[in-house]
Amino acid sequence: MMASLSVSAITKDTITITPSALNIKKIKLGKATYVVYNKKTKESPSEKIMLVKINVEPLKHSGSDAFAITQQWDLDTITHTAYTLLKTNDLSTLQHHFYWKRLGYYVKYDFETRKVVFDGKVADQIKTKAIEDFNASFKQYNLNWHSDLVIFPLLPYAKNRTFKITFFDPGFGQAKDVFYTVKGSDKLINSAGAEVDCWLLEHGLSVPGYQKFWISKKTNEVLKEEDLFNGSYRYKLKLNVSED
């Protein structure tokens, strides 16, 4: 694992994230649970309350070291599952499998054999587009967008620094450059009433709105996410303990 900072500068304050820019030694292993909910306004009651369970563990894959990330999203029933396998040296994707209840099918992306397998009823145009986007993703180094909460704490933070990250979310469009800016530091209050010093990372959306992330400087984990989209809010808050 390379923890040294080696980045390609776009401007004085904007850097392109390359494998050597990631402090992979800081990756947070183990289980984490987030409560996710929506609000029409910041003063409105919470709606669509969901639990997101994430587990990150090291393992051997074909004789090499890898990180396995499993996710389960619960809203009365299991609405989503994902299994992502990343290389330990650069966090590029080896495998990405997912199921969404709203889609009604299961998909396996194999980045090693460059094959996609669909399980369930899927329209031909959806298959074609997904495979085209998948094949195009190999043109440049990219990170798995579905693993963003695992990746964000590994970035080389500095006030007013902007990160250019090439993210790819298999099955949901082409790989693209996404910009996140470190707005500075902010404080959160934990359950013990103590202040937690965090980096505040913001991503502006193409439509009116934003995504904001609070990353603990001490524990290297995303503690809070706040999204504004289509005039309503979505929150992710990390729980202090996991279910098991």
Linked, directly or transitively: [X] and [Y] (ILVMFWY side chains, under 4.5 Å):
{"X": "Phe111", "Y": "Phe118", "answer": "yes"}
{"X": "Val178", "Y": "Trp199", "answer": "yes"}
{"X": "Tyr157", "Y": "Leu22", "answer": "yes"}
{"X": "Leu85", "Y": "Phe67", "answer": "no"}
{"X": "Leu91", "Y": "Phe213", "answer": "yes"}

CA sep, side-chain torsions, deciding dist, call: Lys218, Val196, side-chain contact (heavy atoms from CB on, under 4.5 Å): CA-CA 8 Å; Lys218 182 178 180 180; Val196 180; over 6 Å; no
Residues two or more places apart in sequence or in another chain: which of them pass salt bridge (Lys or Arg N to Asp or Glu O under 4.0 Å) with [X]?
{"X": "Lys187", "value": "Asp197"}
{"X": "Lys39", "value": "none"}
{"X": "Asp148", "value": "none"}
{"X": "Glu225", "value": "Arg234, Lys236"}

Atom pair [atom1]/[atom2] of [X] and [Y] - distance to nearest 0.5 Å:
{"X": "Tyr180", "Y": "Phe167", "atom1": "OH", "atom2": "CZ", "answer": "5.0 Å"}
{"X": "Ile27", "Y": "Asn23", "atom1": "CD1", "atom2": "CG", "answer": "10.5 Å"}
{"X": "Leu200", "Y": "Lys224", "atom1": "CG", "atom2": "NZ", "answer": "9.0 Å"}
{"X": "Leu86", "Y": "Ile151", "atom1": "CG", "atom2": "CD1", "answer": "6.5 Å"}
{"X": "Phe163", "Y": "Thr16", "atom1": "CZ", "atom2": "OG1", "answer": "11.5 Å"}
{"X": "Leu239", "Y": "Lys31", "atom1": "CG", "atom2": "NZ", "answer": "14.0 Å"}

Geometric class of the Phe98/His96 ring pair [parallel <30°, tilted 30-60°, perpendicular >60°]: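 Ring orientation of His96 relative to Phe98: tilted.
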Aromatic ring pairing Tyr37/Tyr235, orientation class (parallel under 30°, perpendicular over 60°, tilted between): parallel
Sole residue of Arg102, His146, Gln72 in side-chain hydrogen bond (donor to acceptor under 3.5 Å, both in side chains) with His80: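 Among Arg102, His146, Gln72, the one meeting side-chain hydrogen bond (donor to acceptor under 3.5 Å, both in side chains) with His80 is His146.
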What's the shortest heavy-atom distance between [X] and [Y], and which atoms?
{"X": "Ile17", "Y": "Ala21", "value": "CD1-CB, 4.2 Å"}
{"X": "Ile54", "Y": "Ile69", "value": "CG2-CG2, 4.1 Å"}
{"X": "Leu94", "Y": "Ala66", "value": "CD1-CB, 4.2 Å"}
{"X": "Ala158", "Y": "Val182", "value": "O-CB, 3.3 Å"}
{"X": "Ala175", "Y": "Gln140", "value": "CB-NE2, 3.5 Å"}
{"X": "Asn89", "Y": "Ile24", "value": "O-CD1, 3.4 Å"}

Donor-acceptor pair, side chain of [X] and main chain of [Y], under 3.5 angstrom:
{"X": "Arg161", "Y": "Pro156", "answer": "yes"}
{"X": "Tyr141", "Y": "Asp90", "answer": "yes"}
{"X": "Ser216", "Y": "Thr219", "answer": "yes"}

side-chain contact (heavy atoms from CB on, under 4.5 Å) evaluation trace for Lys42 with Glu226: CA-CA 10 Å; Lys42 288 191 173 184; Glu226 177 183 302; 3.5 Å; yes
Report the residues that fulfil side chain to side chain contact (heavy atoms under 4.5 Å, CB included) with [X], sequence neighbours left out, ordered by chain and then residue number.
{"X": "Glu202", "answer": "Lys183, Tyr210, Lys212"}
{"X": "Tyr99", "answer": "Thr81, Lys101, Tyr106"}
{"X": "Asn135", "answer": "Ile131"}
{"X": "Glu43", "answer": "Thr41"}

Any side-chain donor near an acceptor of the partner, Ser185 and Lys217, under 3.5 Å: yes
Short side-chain donor-acceptor distance under 3.5 Å, Ser191 and Asn240: yes
Verdict with reasoning, Leu237 to Val35, per side-chain contact (heavy atoms from CB on, under 4.5 Å): CA-CA 5 Å; Leu237 301 178; Val35 58; 3.9 Å; yes
Listed partners of Asp186 passing side chain to side chain donor-acceptor pair (under 3.5 Å), at least two apart: Trp214
Sequence neighbours excluded - salt bridge (Lys or Arg N to Asp or Glu O under 4.0 Å) pairs with any residue from [range]:
{"range": "residues 106-116", "answer": "none"}
{"range": "residues 45-74", "answer": "Lys40-Glu47, Lys53-Asp74, Lys53-Glu243, Lys60-Asp65"}
{"range": "residues 165-180", "answer": "Lys164-Asp177"}

Do [X] and [Y] have side chains that get closer than 4.5 Å, going by heavy atoms?
{"X": "Tyr105", "Y": "Ile126", "answer": "yes"}
{"X": "Pro170", "Y": "Val107", "answer": "no"}
{"X": "Leu29", "Y": "Pro58", "answer": "yes"}

side-chain contact (heavy atoms from CB on, under 4.5 Å) between Lys28 and Asn220, intermediate numbers included: CA-CA 7 Å; Lys28 191 75 172 179; Asn220 299 306; 5.7 Å; no
